[in-house]
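Before any comments, here is the structure.
Letters A, B, ... mirror the listed sequences (proteins, then strands); counts begin at 1. These values consider heavy atoms only, across backbone and side chains, with no hydrogens, waters or symmetry-generated copies.
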Amino acid sequence: MYRSHTCGQLRAEHIGGEVTLCGWVDTVRDHGGAVFVDLRDRYGKTQVVFGPPQGSELINQAKRLKSEDVVQAVGKVTARPEGTVNSSLATGQIELRASQFQLLNAGNNPPFTPGQDDLPSEDLRLKYRFLDLRRSEMQRTLMLRSQIIKGMRDYFEEHQFIDVETPILGRSTPEGARDYLVPSRVHAGKFYALPQSPQLYKQILMVAGYDRYVQVARCFRDEDLRADRQPEFTQLDMEMSFVDAEDVIGMIDGLVKRLAKSILGLDVALPLPRMTYDEAMERFGHDAPDLRFGMELIDCTDLAAESEFRIFRGTVESGGKVRGMNAAGAAPKYSRKDIDTLTEFVKHDFGAKGLAWFRVEPDGKLWSPIAKQFPDELLAKFAQRMHAAPGDLLLFVADSWPVTCKALYGLRKRLGAELKLYDPKTMHFSWVVEFPMFERDPEEDRWVAMHHPFTAPRKQDLASLMSDPGNCRAQAYDLVINGSEAGGGTIRIHDRQSQQDVFQLLGIDENSAKERFGFLLDALQFGAPPHGGIALGIDRFVMLFAGLDSIRDCIAFPKTQRATDLMTEAPGEVESKQLKELNIQIVRTQT
RNA sequence: GGGGCGGUAGCUCAAUUGGUUAGAGUACUGGACUGUCGAUCCAGUGGUUGCGGGUUCGAGUCCCGUCCGCCUCGCCA
């Protein structure tokens with residue numbers, strides 16, 4: 001045994017004991033006749049003292065210790081002299097009087113040290129991830145992640161779920177995100193695909209009678225990255241038989257309540273609030289609204305129709321919408337120039353044609369460069385509709401329905417943060433339900449599944465599935481935390497005919513349906529129970545529970561925005577022999 | 001694929017709107033010091049300003065290209 005205790009363990013009760021500690025040198029304070037070394041491991045820090053009455057040879061060696069050296073120190077636990085107790089350290093009551101120590105390995109002056117006050121740039125942190133992971137903040141996050149996953153596993157085990165592993169090497173499916181492909185050596189020219197989710201396998205498990213399945217599943221999607229998106233990520237994937245949406249939502253409600261309590265000490269009232277997709281789009285312009293603050297979107301299309309203002313009127317006449325929001329009290333905080341910046345933001349980022357705005361004057365009247373083009377009484381109606389009070393800033397976007405949604409969602413998110421409309425520490429959990437079954441892909445002019453092609457419509461929409469797919473709503477539910485989609489699931493189609501209908505709607509003809517999903521259609525034919533489930537994004541869960549802004553800080557070895565690993569330098573080239581075995585030839589395209 | 005921000009000493013940053021020999025803190029090296037805990041004090045080393053080209057009497061600063069990191073739109077069933 002290298003050590004008898006950890007560096008976070010020793011307390012006053014250990015005084016007098018002979019112990020051995022191992023750890024990294026955090027700081028060295030050399031006083032000539034005495035040397036103080038803070039020894040660190042993931043449990044904490046302990047001060048090790050080298051000095052009289054011990055021999056000077058020990059001190060001379062201790063003087064040579066440097067940051068990040070790995071050291072084993074043997075000695076007696078002693079009480080710190082009066083006045084030298086360090087109350088900011090858990091072990092601050094005691095110190096280790098070293099009688100001997102051994103340098104297990106040198107730190108060699110690394111590019112940065114875990115204790116330094118200014119965080120190094122992220123590329124450096126990723127390149128030397130082993131140093132970055134020594135930082136206490138990273139260690140706390142990874143421990144939190146471990147606790148969250150354990151909490152999830154315990155919960156589902158208590159509810160009779162069975163953990164079943166599903167394949168990583170599967171087959172590519174036509175719909176959805178871009179697949180990561182793995183070439184087959186045995187079958188020249190053929191490829192496996194890494195799973196975007198274990199969706200079909202878990203449905204098959206339901207058909208097989210494993211009526212409560214759970215898995216911590218790694219998933220892969222070859223799409224562009226974001227602060228909250230990685231090409232490989234981890235889902236808590238679950239599926240249940242003989243359930244409706246209420247049952248699945250109720251099961252996750254219980255999990256959320258328990259995790260909030262055990263991890264954050266929060267009491268969450270159940271059931272979690274819910275709203276439909278249509279309501280979320282109407283009130284917030286987005287399917288994962290941040291409910292930590294108000295500032296909801298307000299539709300003024302009818303009022304805009306009365307105005308002579310060309311942009312408003314024209315938008316209404318061409319079937320668009322005029323919607324706005326009231327940034328209460330924001331007028332003094334936003335200069336003309338600031339508003340120009342917001343205008344550029346909605347134009348550039350969301351394709352809006354512009355941003356109309358009014359300032360509410362002390363007398364309650366609306367002022368704006370465009371106010372002249374509105375009769376006073378119409379302005380009064382706008383003011384009333386927008387619940388305007390002096391000092392408020394009213395912002396309007398006149399555009400197509402989707403553009404007003406996107407632009408005002410972006411604006412609301414931005415202003416919510418800028419105006420500090422919420423405490424970043426608060427947590428808000430809710431559900432968005434009844435998503436559309438399909439949306440129109442304008443490029444290919446066809447229907448695509450909003451969630452996935454195995455989603456069941458609401459019972460009342462079953463009859464109009466083929467005749468009016470655009471208005472069908474799904475038995476779908478997304479868990480939203482602080483404006484982030486933290487998970488999503490559906491009740492699945494469990495009869496073959498409905499599944500074939502949906503495939504047909506999506507333009508998957510009978511032959512290719514049989515070729516790609518024949519096993520599913522078979523399974524649905526031979527005794528499939530009603531079933532449904534959900535997948536929670538574990539990385540995002542950790543990010544939100546830890547109050548972090550980047551998913552990369554919740555993953556031990558994350559990828560950069562260009563999907564590379566700066567430490568291993570993956571992806572890398574392979575030897576031509578490997579390519580030959582796989583029957584693969586690299587085509588170098590010149591630009 | 002589009003837009004934006006950034007890259008200067010090992011690290012974190014500064015450098016007067018193009019002007020002398022590119023600075024500071026920290027780390028590092030040497031020295032002093034028996035109670036510090038971000039120890040302190042003294043001295044010192046350390047630079048291809050990401051890379052390539054251009055404009056200019058003169059470029060860290062301006063222009064073009066390129067690489068890398070981050071944010072974002074598109075994309076992400």
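When the side-chain nitrogen and oxygen atoms of A/K347 are compared with OP1 and OP2 of B/C73, none of them lie within a distance under 4.0 Å. Distances shorter than 4.0 Å separate none of the side-chain N or O atoms of A/K127 from OP1 or OP2 on B/C68.
Nucleotides B/G1 and B/A39 are separated by 48 Å at their P atoms, to the nearest Å. For B/U40 and B/G23, the C1' atoms lie 24 Å apart once the distance is rounded to whole Å. Comparing the same atom, C1', in B/G60 and in B/U8 gives a spacing of 7 Å after rounding to whole Å. Nucleotides B/G50 and B/U56 have their P atoms positioned 23 Å apart, rounded to a whole Å. Here the separation of B/G53 from B/A32, taken at their P atoms, is 49 Å to the nearest Å. B/G65 and B/A24 have their C1' atoms separated by 34 Å, given to the nearest Å. Atom name P, nucleotides B/C42 and B/G25: the rounded distance is 11 Å, in whole Å. Using atom P as the reference point in both B/G52 and B/A9, the two lie 16 Å apart (nearest Å).
Looking at heavy-atom distances under 4.0 Å, A/T564 makes contact with sugar-phosphate atoms alone, never a base. A/S197 comes within contact range of at least one nucleobase, with a heavy-atom separation under 4.0 Å. Note on A/F36: a base of the nucleic acid sits closer than 4.0 angstrom, heavy atoms only. At a threshold of 4.0 angstrom between heavy atoms, the contacts of A/D30 include nucleobase atoms, whether or not backbone atoms are also involved. Looking at heavy-atom distances under 4.0 Å, A/K45 makes no contact with the nucleic acid at all. If you check every strand for non-hydrogen atoms under 4.0 Å, A/Q230 touches nothing. At a threshold of 4.0 angstrom between heavy atoms, the contacts of A/L119 are confined to the sugar-phosphate backbone, with no base atom among them. A/D349 comes within contact range of the sugar-phosphate backbone alone, with a heavy-atom separation under 4.0 Å but no base atom that close. Among the protein residues, A/L124 comes within range of the sugar-phosphate backbone only, with heavy atoms under 4.0 Å from sugar or phosphate atoms but none that close to a base. The residue A/K63 sits close to a base: some heavy atom pair falls under 4.0 Å. Across all strands shown, A/T560 has heavy atoms under 4.0 Å from sugar-phosphate atoms exclusively, and none from any base. Residue A/P81 is in base contact, counting any heavy-atom pair closer than 4.0 Å across all strands shown.
When rounded to the nearest whole Å, the span between CD of A/Q47 and C1' of B/U34 equals 13 Å. Between the CG atom of A/D26 and the P atom of B/G38 there is a distance of 11 Å, rounded to whole Å. The CD atom of A/Q561 sits 12 Å away from the C1' atom of B/C73 (whole-angstrom rounding). Remark: C1' of B/C5 and CZ of A/F345 are 15 Å apart, rounded to the nearest angstrom. As a whole-Å value, the separation of A/R540 CZ from B/C76 C1' is 9 Å. Spacing between atom CD of A/E344 and atom P of B/U72 amounts to 19 Å, rounded to whole angstrom units. Atom CG in A/N109 sits about 11 Å away from atom P in B/A27, given to the nearest Å. A/E68 has its CD atom 13 Å from the P atom of B/A27, to the nearest Å.
Considering only side-chain atoms of A/R226, the nucleotide from B/U12, B/C73, B/A39 that sits closest is B/C73. The side chain of A/R229 approaches B/C75 more closely than any other nucleotide in the set B/C11, B/C75, B/G69.
Closest approach of A/A79 and A/I15 over heavy atoms only: CB-CD1, 3.6 Å. Nearest approach of A/D179 to A/S172, heavy atoms of both residues: OD2-OG, 2.6 Å.
For A/D278 and A/R473, the salt-bridge test passes: some basic side-chain N is under 4.0 Å from an acidic carboxylate O. Between A/D553 and A/R125 a salt bridge is recorded (basic side-chain N to carboxylate O distance below 4.0 Å). With respect to A/D445 and A/R440, a salt bridge is recorded, a charged nitrogen being found less than 4.0 Å from a carboxylate O. Here A/E434 pairs with A/R458 in a salt bridge; the nearest charged N to carboxylate O distance falls below 4.0 Å. Between A/R446 and A/E175 a salt bridge is recorded (basic side-chain N to carboxylate O distance below 4.0 Å).
Of the nucleotides present, none pairs with B/U21 by Watson-Crick or G-U wobble criteria with both distances under 3.5 Å. With both pairing distances under 3.5 Å, B/A14 is matched to nothing as a Watson-Crick or G-U wobble pair. Pair check for B/A43 finds B/U29; Watson-Crick or G-U wobble, both atom distances under 3.5 Å. Under the Watson-Crick or G-U wobble criterion, with both distances below 3.5 Å, B/U56 has no partner in any strand shown. Base pairing of B/U8: no nucleotide in any strand meets the Watson-Crick or G-U wobble criterion (both distances under 3.5 Å).
A donor-acceptor contact under 3.5 Å is not formed by the side chain of A/D123 with the base of B/C68. Evaluation of atom-type donor-acceptor distances gives no pair under 3.5 Å for the side chain of A/R221 against the base of B/C76. Side-chain to base pairing of A/R125 with B/G69: no donor and acceptor N or O lie closer than 3.5 Å to each other. For A/R562 and B/C70, a side-chain-to-base donor-acceptor distance below 3.5 Å is absent, hydrogens and geometry of angles not being considered. Taking 3.5 Å as the limit, the base of B/U12 and the side chain of A/Q116 contain no donor-acceptor pair of atoms between them.
In this pair, A/H31 lays its aromatic ring flat on the base of B/A39, centres within 5.5 Å and planes under 30 degrees apart.
Using a 30° and 60° split on the angle between ring planes, A/H5 and A/H14 fall in the perpendicular class, above 60°.
Residues A/S67 and A/F454 both approach RNA chain B. Their nearest nucleotides, taken by heavy-atom distance, put A/S67 toward the 5′ side. In terms of position along RNA chain B, the nucleotide closest to A/R29 lies nearer the 5' end than the nucleotide closest to the other residue of the pair A/R29 and A/A227.
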Q: For ring-ring contact (aromatic ring centres under 6.0 Å, His included), just list the numbers for A/F503 and A/F517, CA-CA rounded to whole Å, side-chain angles, deciding distance to a tenth of an Å, and then say yes or no.
A: CA-CA 10 Å; A/F503 283 153; A/F517 301 114; 4.9 Å; yes

